[in-house]
Protein chains: 2
Amino acid sequence: MAHSHDVPSDLTRNQGLVLGALNHSEGPLSAYDILDKLRADGLRAPLQVYRALDKLVERGLAHRLESLNAFVACADEHCHRKGLIAFAICEGCGKVDEFADAVIEERLGEWAGAKGFKVERTTMEIRGKCGVCLAAAA
Amino acid sequence: MAHSHDVPSDLTRNQGLVLGALNHSEGPLSAYDILDKLRADGLRAPLQVYRALDKLVERGLAHRLESLNAFVACADEHCHRKGLIAFAICEGCGKVDEFADAVIEERLGEWAGAKGFKVERTTMEIRGKCGVCLAAAA
DNA sequence: CGTGATATGTTATGTTATTACGCTTGAGTG
DNA sequence: CACTCAAGCGTAATAACATAACATATCACG
């Protein structure tokens, strides 16, 4: 059976390395975090990472978390996710939960329709504490 | 009658200057944009701006746009806005429309409740084109 | 007056992201 | 095969965003 983080075979070397680093990580990584992890593999410059990230994000294999200036692998194995994706980021453990909500998306569409605004991209990020961390703190 | 951008009188000098710069601007400003506008008033270092912004954001007089690394004055004159605020950012003219949506907020609350996640802060930013820019492009 | 909390000014530094330039690779075509 | 065109790659330099560390100032309040 397929590993939960199998990687498309048509990625370039750098793209594969970067996606591998993201898949391997528990939480989000900054571009420079990724670079540090991949120095052993020959990467030397931020741009090598940013270029790979651009492609991965473009293809939906990774996501950028704007409020962290960091990146995560897409949680959807088959990367079919379309439209609005929301992220819940735990301030305690740093883990990120990715989800989609059709109601929110629809509601946003209504707002946009009423305003004549054409939506191209939406970022939605919730900061807080996950259940595990709350339980641990209690 | 009150000016639409009257400023609370208990702000410090730097806070007042920074909020003034934001109020005066058509669109979002980066901290360094603000600094440049305020050099004539004696500001010299980024930190002076960041410190003022921290306070303004804390008080809800300004908002940070994560996807732009920039700031806007709060659109609500009386700064009573609580809870989730969404921003629609036009890629054409750079203007930002601020709005609140109770349905989205509630929906998010439901998700959080089901997951046991405690929400502390939410950022929601829509990128796209506003009606004016769409009309102009047609 | 003293003292603690908040704000300030300044320098230096850390972190994130892009520009500019030239070389390499590989698919597709004449 | 040779050509070329698009995509990717490597490197250096720099731009843009943000904070640390430290000293001084201001002001409410006991």
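Quick note on labels: first sequence line is chain A, next is B, and so on, each numbered from 1. Basis for what follows: all heavy atoms, side chains included, without hydrogens, waters or symmetry-related copies.
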**Q.** Pair listing, salt bridge (Lys or Arg N to Asp or Glu O under 4.0 Å) test, anchored in residues 12-24 of chain B, at least two apart
**A.** none

I'd like a table of donor-acceptor pairs (distance under 3.5 Å, sequence neighbours excluded) in which one partner is a side-chain atom from residues 117-131 of chain B, with atom names and distances.
unit_1, atom_1, unit_2, atom_2, d
E125(B), OE1, E66(B), N, 3.4
E125(B), OE1, S67(B), N, 2.8
E125(B), OE1, S67(B), OG, 2.5
E125(B), OE2, E66(B), N, 2.7
R127(B), NE, E91(B), OE2, 3.3
R127(B), NH1, S67(B), O, 3.4
R127(B), NH1, S67(B), OG, 3.0
R127(B), NH2, E91(B), OE1, 3.4

Q. Does any non-hydrogen side-chain atom of I85(A) lie less than 4.5 Å from one of D76(A)?
A. no

Q: Kindly write out the residues that satisfy salt bridge (charged side-chain N to carboxylate O under 4.0 Å, His left out) with D101(B), not counting sequence neighbours, or none if the list is empty.
A: R107(A)

Q.
N69(A): which residues meet the side chain to side chain donor-acceptor pair (under 3.5 Å) condition with it, sequence neighbours left out?
A. R64(A)

Q. Rounding to a whole Å, what distance do you find between R59(A):CZ and dA7(D):P?
A. 14 Å

Q. Who passes side chain to side chain contact (heavy atoms under 4.5 Å, CB included) against D97(A), sequence neighbours left out?
A. A88(A), W111(B), K115(B)

Sub-3.5 Å pairs of nitrogen or oxygen atoms, protein against nucleotides 10-16 of chain D:
unit_1, atom_1, unit_2, atom_2, d
dG10(D), OP2, N14(A), ND2, 3.0
dG10(D), OP2, Q48(A), NE2, 2.4
dG10(D), O5', Q48(A), NE2, 3.4
dG10(D), N7, R51(A), NH2, 2.3
dG10(D), O6, R51(A), NH1, 3.1
dG10(D), O6, R51(A), NH2, 3.3
dT11(D), OP2, R44(A), NE, 3.3

Q) the helix from dC1(C)-dG30(D) to dG30(C)-dC1(D): angle between its terminal axes, five pairs each, to 10°? A) 20°

Q. Shared ILVMFWY cluster between L134(A) and V96(A), side chains joined below 4.5 angstrom?
A. no

Which donor-acceptor pairs under 3.5 Å do the side chains of residues 44-57 of chain B make with protein atoms, sequence neighbours left out?
unit_1, atom_1, unit_2, atom_2, d
Q48(B), OE1, R44(B), N, 2.7
Q48(B), OE1, A45(B), N, 2.9

Q: Tell me, please, the opening and closing nucleotides of DNA chain C, 5' to 3', among those with an atom under 4.0 angstrom from a non-hydrogen atom of chain A.
A: dT16(C) to dA20(C)

Q: Please round to the nearest 0.5 Å and tell me the distance separating atom CD1 of I104(B) and atom CD of E110(A).
A: 9.0 Å

Q.
Rounded to whole Å, please give me the gap between OH in Y50(B) and P in dA20(D).
A. 13 Å

Q. Any side-chain heavy atom of K95(B) within less than 4.5 Å of one from V132(B)?
A. no

Q.
Looking at every non-hydrogen atom in both residues, tell me the closest pair between C133(A) and C90(A) and how far apart they are.
A. SG-SG, 3.6 Å

(Q) In this structure, how many angstroms lie between the C1' atom of dG8(D) and the CG atom of L53(A), rounded? (A) 15 Å

Q. Could you give the CG-to-P distance, from L68(A) to dC17(D), as a whole number of Å?
A. 18 Å

Q. What integer distance in Å separates D54(A):CG from dG8(D):C1'?
A. 13 Å

